[in-house]
Amino acid sequence: FICNGCDYANQVREREGKRQHKCAFCRHPAPKSKEESVRNLMKRVEANDPAAMCHVGSLCFHDGDYSGAFEYWIRAAGLGDVGAHFELSCLYRDGKGVEKDRKKEVYHL
């Protein structure tokens, strides 16, 4: 990870036209299409990046694929992603894609 100051300095240089916009994490050029963005995201998932898994879970959830969201969030939570734990808690609270379960809801909070 990089610090907020380094990220901010890169953003300033990009706005001034001194640098091409690149991902602060991997330093690759920013994707030019949604397909390229999803492809890059899936590469991060294959590399067991819990933040990427959590993000893909959110994409599945917003597409109405609750079981897909659950699968990505459970993997991300297993790798320690607190955002994924929160999302799992909400699934168990609302019973979307899983049975309502108060114990699991509280566990993932």
Side-chain angles (χ1 to χ4, degrees):
F1 291 95
I2 64 171
C3 73
N4 289 337
C6 292
D7 185 40
Y8 178 74
N10 276 337
Q11 290 176 23
V12 168
R13 285 192 292 268
E14 289 167 1
R15 278 194 302 269
E16 292 173 351
K18 296 178 183 176
R19 290 193 104 154
Q20 177 187 16
H21 179 68
K22 294 184 178 183
C23 172
F25 181 72
C26 68
R27 302 288 188 207
H28 284 94
K32 293 179 178 28
S33 68
K34 184 176 180 177
E35 293 80 20
E36 187 179 355
S37 178
V38 170
R39 190 172 48 249
N40 291 347
L41 187 60
M42 294 312 290
K43 284 182 189 177
R44 295 303 317 145
V45 168
E46 290 169 12
N48 283 330
D49 179 347
M53 290 176 195
C54 189
H55 187 74
V56 173
S58 295
L59 293 175
C60 290
F61 182 84
H62 292 294
D63 286 343
D65 179 10
Y66 302 125
S67 61
F70 176 80
E71 292 300 321
Y72 282 107
W73 286 337
I74 202 78
R75 286 178 58 197
L79 293 170
D81 190 280
V82 295
H85 276 289
F86 174 77
E87 297 297 350
L88 285 169
S89 176
C90 293
L91 283 184
Y92 284 115
R93 180 195 66 211
D94 300 335
K96 291 188 175 181
V98 295
E99 282 189 42
K100 288 186 178 186
D101 188 324
R102 179 78 173 138
K103 283 186 177 184
K104 289 181 180 178
E105 174 192 346
V106 171
Y107 172 81
H108 285 289
L109 257 182

Closest contact, heavy atoms only, R75 versus V45: NH2-O, 3.9 Å
Heavy-atom donor-acceptor pair, D81 side chain to G83 backbone, under 3.5 Å: yes
Gap separating the OG atom of S58 from the CE atom of M53, nearest 0.5 angstrom: 13.5 Å
Shortest non-hydrogen contact from A77 toward H85: O-NE2, 3.3 Å
Separation between SG of C90 and NE2 of H108, rounded to the nearest 0.5 Å: 11.5 Å
Side-chain touch Y8/V12, heavy atoms, less than 4.5 angstrom: yes
Cluster check M42, L79: I/L/V/M/F/W/Y, side chain < 4.5 angstrom: yes
Residue of the set L109, I74, V98 for which side chain to side chain contact (heavy atoms under 4.5 Å, CB included) holds with L88: I74
Nearest non-hydrogen partners of Y92 and E99, listed with the distance: CD2-O, 3.6 Å
Residue pair D94 / K100: nearest heavy atoms and the distance that separates them: O-CE, 3.5 Å
Hphob cluster co-occupancy, Y66 + Y72, side-chain heavy atoms under 4.5 angstrom: no
Residue pair L91 / F61, side-chain heavy-atom distance below 4.5 Å: yes
Basic-acidic side-chain contact under 4.0 Å: R102, E105: yes
Closest approach of A69 to G57 (non-hydrogen atoms, all atoms of both residues): CB-O, 3.2 Å
Residues N40, E36; criterion side-chain contact (heavy atoms from CB on, under 4.5 Å); working and verdict: CA-CA 6 Å; N40 291 347; E36 187 179 355; 4.2 Å; yes
Atom pair CG/NE2 of D49 and H55 - distance to nearest 0.5 Å: 11.0 Å
Minimum heavy-atom distance between W73 and A84, given as atom pair plus value: O-CB, 3.4 Å
